[in-house]
Participant: 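Could you have a look at this structure, given as structure tokens, before my questions?
Computed from heavy atoms alone, side chains included, the values below leave out hydrogens, waters and symmetry copies. Start at 1 with the first residue, then count along the sequence.
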Amino acid sequence: MFQPTYPIRTARLVLRPVTIDDLDDVYAYQRRPDVVRWMLGAEPRTREESRASVLAMAGEDAWRAEGDCLTVAAVSDAGVVVGIVELVWRSRLDRTAEIGFVFHPDHGGRGLATEAATAMLAGGSTSSGCTGSTAGATAATPRRPG
């Protein structure tokens with residue numbers, strides 16, 4: 001089993017397990033069409049759908065078997081969940097994982113998603129035995145025009 005030691009601190013963020021207390025912050029971006037269009041098969045979520053999503057993510061706290069997802073909230077200095085980062089264990093044999101992230105566009109353009117993803121990859125590859133290469137990536141931080 002692989003479970004990071006929390007919190008994981010970066011220069012500007014704290015990465016920690018998702019909790020139900022994160023519902024308001026997660027719902028703030030999961031209800032936005034410009035965000036969910038990048039999420040696989042998702043439509044803008046109702047508050048109740050976001051609640052179910054947050055509860056599911058809260059249970060994704062460790063890798064126990066291939067296919068497991070490790071999900072963390074990326075929390076700003078102001079205590080706001082600005083995004084979610086997930087690391088999916090793809091193959092023990094190939095020592096690979098896949099990273100994905102969703103960040104609120106209001107916090108975009110400052111490299112926060114990159115900072116959080118880098119910390120997750122560093123922790124996941126070092127502690128779990130993954131080589132650090134990813135099987136794929138999914139991003140849902142729309143870029144602002146200009």
Participant: Checking Arg64 now: which residues fulfil salt bridge (charged side-chain N to carboxylate O under 4.0 Å, His left out) with it, not counting sequence neighbours?
Facilitator: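 Residues passing salt bridge (charged side-chain N to carboxylate O under 4.0 Å, His left out) with Arg64: Asp61.
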Participant: List the atom of Ala62, the atom of Leu70, and the distance in Å for their closest heavy-atom pair.
Facilitator: N-CD1, 3.5 Å
Participant: Check the pair Tyr29, Ile84 against side-chain contact (heavy atoms from CB on, under 4.5 Å), reporting the backbone distance first and the verdict last.
Facilitator: CA-CA 11 Å; Tyr29 63 80; Ile84 299 292; 2.8 Å; yes
Participant: Quick one: list whatever passes salt bridge (charged side-chain N to carboxylate O under 4.0 Å, His left out) with Arg47, sequence neighbours left out.
Facilitator: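 Counting only residues at least two positions away or on another chain, Arg47 forms a salt bridge (charged side-chain N to carboxylate O under 4.0 Å, His left out) with Asp24.
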Participant: What are the two closest non-hydrogen atoms of Asp25 and Val81, and how far apart are they?
Facilitator: OD2-N, 3.0 Å
Participant: Name all pairs fulfilling the salt bridge (charged side-chain N to carboxylate O under 4.0 Å, His left out) condition that reach into residues 5-21, sequence neighbours left out, sorted by first residue then second.
Facilitator: Arg12-Glu115, Arg16-Asp22
Participant: Applying side-chain hydrogen bond (donor to acceptor under 3.5 Å, both in side chains), which residue pairs with at least one partner in residues 65-83 are found, sequence neighbours left out?
Facilitator: Glu60-Thr71
Participant: Rounded to the nearest 0.5 Å, how far does CZ of Arg92 lie from CG of Asp94?
Facilitator: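 That separation rounds to 12.5 Å.
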Participant: side-chain contact (heavy atoms from CB on, under 4.5 Å) for Gln30 and Glu49? Distances and angles first, verdict last.
Facilitator: CA-CA 9 Å; Gln30 284 190 348; Glu49 290 169 331; over 6 Å; no
Participant: Working to the nearest 0.5 angstrom, can you tell me the gap between Thr10 OG1 and Leu112 CG?
Facilitator: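 Spacing of OG1 (Thr10) from CG (Leu112) equals 8.0 Å.
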Participant: If you look at every heavy atom in Ala119 and Ile8, which pair is closest and at what distance?
Facilitator: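 Smallest heavy-atom distance, with atoms named: CB-CG2, 4.3 Å.
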Participant: Is Val88 reachable from Met57 through a run of hydrophobic residues whose side-chain heavy atoms are each under 4.5 Å from the next?
Facilitator: no
Participant: Tell me if a side-chain donor or acceptor on Trp63 pairs with a main-chain N or O of Leu87 at a distance below 3.5 Å.
Facilitator: yes
Participant: Supply the atom-to-atom distance Phe103 CZ to Thr114 OG1, rounded to the nearest 0.5 angstrom.
Facilitator: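 Spacing of CZ (Phe103) from OG1 (Thr114) equals 8.5 Å.
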Participant: Could you pull out the closest heavy-atom pair between Tyr27 and Ser50, with the gap in Å?
Facilitator: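 In terms of heavy atoms, the two residues are closest at CD1-OG, 3.4 Å.
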Participant: Evaluate the side-chain contact (heavy atoms from CB on, under 4.5 Å) criterion for residues Ile20 and Arg51: first the C-alpha distance (whole Å), next the side-chain angles of each, then the deciding distance (0.1 Å), finally the verdict.
Facilitator: CA-CA 7 Å; Ile20 192 60; Arg51 184 179 196 288; 4.0 Å; yes
Participant: Which heavy atom of Ala73 sits nearest to which heavy atom of Val18, and what is that distance?
Facilitator: N-CG2, 3.8 Å
Participant: Pro44 and Val36: which non-hydrogen atoms are nearest, and at how many Å?
Facilitator: N-CG2, 3.3 Å
Participant: Pro17: what forms a side-chain contact (heavy atoms from CB on, under 4.5 Å) with it, not counting sequence neighbours?
Facilitator: Tyr6
